[in-house]
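First the structure, in the form of structure tokens, and then the observations on it.
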Amino acid sequence: MLEKMEAFDGEKVIEQFEEMTRDAERVQRETLKKILEENGSTEYLQNLGLNGRTDPQSFKDCVPLVSHDDLESYIQRIADGDSSPILTGKPIKTISLSSGTTKGRPKLIPFNDELLETTMQIYRTSFAFRNKEVPLGKGKALQFIYSSKQFKTNGGLAAGTATTNVYRSAQFKSTMRAIQSQCCSPDEVIFGPDFHQSLYCHLLCGLIFRDEVEFVFSTFAHSIVHSFRTFEQVWEELCSNIRDGVLSSWVTAPSIRAAMSKLLKPNPELADLIYRKCEGLSNWYGLIPELFPNAKYIYGIMTGSMEPYLKKLRHYAGHLPLMSADYGSSEGWVGANVNPMLPPEMATFAVLPNIGYFEFIPLKENAQGQHQRNKPIGLTEVKIGEEYEIIVTNVAGLYRYRLGDAVKVMGFHNSTPELKFICRRNLLLSINIDKITEKDLQLAVEAAGNVLAAEKLEVVDFTSYVDVSREPGHYVIFWEISGEAKGEVLGECSNCLDRAFLDAGYMSSRKVNAIGALELRVVRKGTFHKIMDHHLSLGAAVSQYKTPRCVIPTNTAVLQILCSNVVNSYFSTAY
């Protein structure tokens with residue numbers, strides 16, 4: 001496998017993709033047939049009465065649409081060591097953990113070699129298209145990637161976040177070598193026991209190899225922004241480490257210290273150069289190309305809940321293009337970005353028809369503004385301009401699984417659709433007849449953020465909460481901001497947030513006081529950092545961490561962090 005991958009042929013990868021997408025419907029039928037042939041003997045499919053049939057119609061007739069809750073008991077048995085064919089023909093040896101930021105605890109998801117191979121296929125496909133537009137040389141990538149610890153389930157299976165399971169595989173290393181994406185940092189930094197020490201050393205390795213860095217990557221845009229916000233705090237310390245060739249004493253992990261001692265040698269010229277570069281910047285604008293003169297682009301997932309971080313990322317990136325990484329989830333991949341030069345806000349993802357079987361529920365609204373119950377349709381039956389919820393059947397035991405994502409079809413690449421991610425479908429905020437999604441919240445924060453921008457301030461991060469401790473219930477928005485703002489400005493921000501929720505149910509409820517005045521709570525600097533640390537302490541991985549956009553009442557630990565760090569609160573007078 002290694003030899004086969006080492007010689008990467010981008011043109012051939014593109015050719016295979018073009019061939020596969022010309023007749024996506026046939027490839028979908030073949031993919032479903034293969035999945036059902038390999039797993040037809042499983043307890044789950046046997047109980048549903050498929051009886052060896054592998055055609056799409058029988059599959060849809062017999063197999064119900066499911067969410068994770070429906071499969072939890074099956075997956076738990078696998079995690080507890082039952083190696084009989086429950087969901088897959090071949091035994092599952094690894095479990096992936098989702099980010100856990102939605103419900104406050106991670107979901108367990110089966111992971112296998114076949115799923116790993118679809119990941120590599122997505123990486124190779126998007127790289128081939130990216131490299132055609134912006135060819136890389138033989139340099140390195142500054143990758144802010146972290147691997148959380150794998151642990152053993154009760155049944156002895158290896159369990160870790162999806163990214164950890166990928167990063168720990170031999171295929172990942174060989175694919176990264178093949179697609180010229182070798183990390184500046186040694187493995188000891190990626191697999192380090194402490195996130196803060198690893199991040200610091202990623203920055204240090206990037207500076208040591210500054211002339212060789214060709215692009216900057218992290219799984220999520222949030223992580224890249226966080227890394228350079230950290231750089232603003234520690235740049236002088238980094239310069240001093242480079243000048244003396246000695247790593248800061250607070251980096252205590254023996255594995256990291258040993259690996260860094262091989263790279264870090266006294267280099268006063270480099271330290272002076274970086275010092276001058278940082279001193280010469282105006283408010284850190286264009287920091288990334290200034291530090292890494294040969295960097296060609298910034299790469300990571302930048303859609304959906306990552307969009308609020310793009311403004312800051314562009315600030316750091318200066319003239320460098322932002323390229324949005326591919327579309328998938330812990331449950332598996334959906335599509336590759338084959339139009340990498342589109343700005344992240346317009347990014348689309350072409351579905352790879354051979355990595356799973358995909359169905360789409362049309363999200364059409366009836367006259368009352370409610371989504372109708374529509375039947376799922378096939379990959380090639382979707383229509384441009386329409387919105388859908390995605391249903392996935394993957395190679396690791398998920399059948400007709402509702403991902404919970406809403407997407408819009410923007411066009412077709414040959415016969416496969418190009419999807420734009422719209423939002424997670426689960427409602428964030430609802431008290432009465434109001435229905436507020438993550439996208440609605442994002443737009444409201446963006447609108448109110450413009451009021452702050454006029455004061456040369458920005459929203460560092462945000463989340464929300466429904467407070468029903470007294471009648472009527474009301475929305476609480478938590479903001480961390482980049483500096484001190486006047487009370488009247490923040491009062492105007494709370495009004496702006498309140499007015500920005502244009503959902504008919506919300507507006508009518510506010511008018512009759514069935515929902516109380518929106519409350520904006522400003523929290524201390526570093527509060528969202530504490531929330532991330534809390535999630536990391538529960539075993540989440542930085543590379544998969546997303547700020548929870550809504551805190552549910554049962555997530556008491558995060559609520560406690562937020563409420564104990566409130567500096568001021570402002571009630572809206574908009575209604």
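Residues meeting the salt bridge (charged side-chain N to carboxylate O under 4.0 Å, His left out) test with K408, sequence neighbours left out: none. Residues satisfying the salt bridge (charged side-chain N to carboxylate O under 4.0 Å, His left out) criterion with E114, sequence neighbours excluded, are K90. Residues satisfying the ring pair (Phe, Tyr, Trp, His ring centres under 6.0 Å) test with H529, not counting sequence neighbours, are H196, H226. Not counting sequence neighbours, the partners of Y327 by the ring pair (Phe, Tyr, Trp, His ring centres under 6.0 Å) test are F349, F421. Residues meeting the ring pair (Phe, Tyr, Trp, His ring centres under 6.0 Å) test with Y200, sequence neighbours left out: W250. With sequence neighbours left out, the ring pair (Phe, Tyr, Trp, His ring centres under 6.0 Å) criterion links F228 to F144, Y316. In this structure K296 satisfies the salt bridge (charged side-chain N to carboxylate O under 4.0 Å, His left out) test together with E214, sequence neighbours excluded. Y309 meets the side-chain hydrogen bond (donor to acceptor under 3.5 Å, both in side chains) test with D461, T547, R549; sequence neighbours excluded. Not counting sequence neighbours, E212 has no partner by the salt bridge (charged side-chain N to carboxylate O under 4.0 Å, His left out) test.
Checking R521 against Y465 by side-chain atom types alone, no donor-acceptor pair falls below 3.5 Å.
Interatomic distance, CD of E455 versus OG of S482, reported as 11.0 Å (0.5 Å rounding). Atom SG of C183 sits about 10.0 Å away from atom CZ of F217, to the nearest 0.5 Å.
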Output a table of donor-acceptor pairs, distance under 3.5 Å, between side-chain atoms of residues 251-264 and any protein atom two or more places apart or on a different chain; print 'none' if there are none.
unit_1, atom_1, unit_2, atom_2, d
T252, OG1, Q197, NE2, 3.4
R257, NH1, S248, O, 2.9
R257, NH1, V251, O, 2.6
R257, NH2, L247, O, 3.2
S261, OG, A258, O, 2.7

Just list the side-chain donor-acceptor pairs under 3.5 Å for residues 333-340, sequence neighbours left out, or say none.
unit_1, atom_1, unit_2, atom_2, d
W333, NE1, T119, OG1, 3.1
N337, OD1, N339, N, 3.1
N337, ND2, S324, O, 2.7
N339, ND2, T348, OG1, 3.4
N339, ND2, E418, OE2, 3.2

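Using a cutoff of 4.0 Å between basic side-chain nitrogens and carboxylate oxygens, E307 and K439 are scored as salt-bridged.
Dense packing is recorded around NZ of K265, with more than 12 heavy atoms of other residues, nucleotides or ligands lying under 6.0 Å away.
Aromatic ring centroids of F129 and F17 lie under 6.0 Å apart.
Counting only residues at least two apart or in different chains, salt bridge (charged side-chain N to carboxylate O under 4.0 Å, His left out) contacts with residues 311-337 comprise K107-E331, K312-E458, R314-E345.
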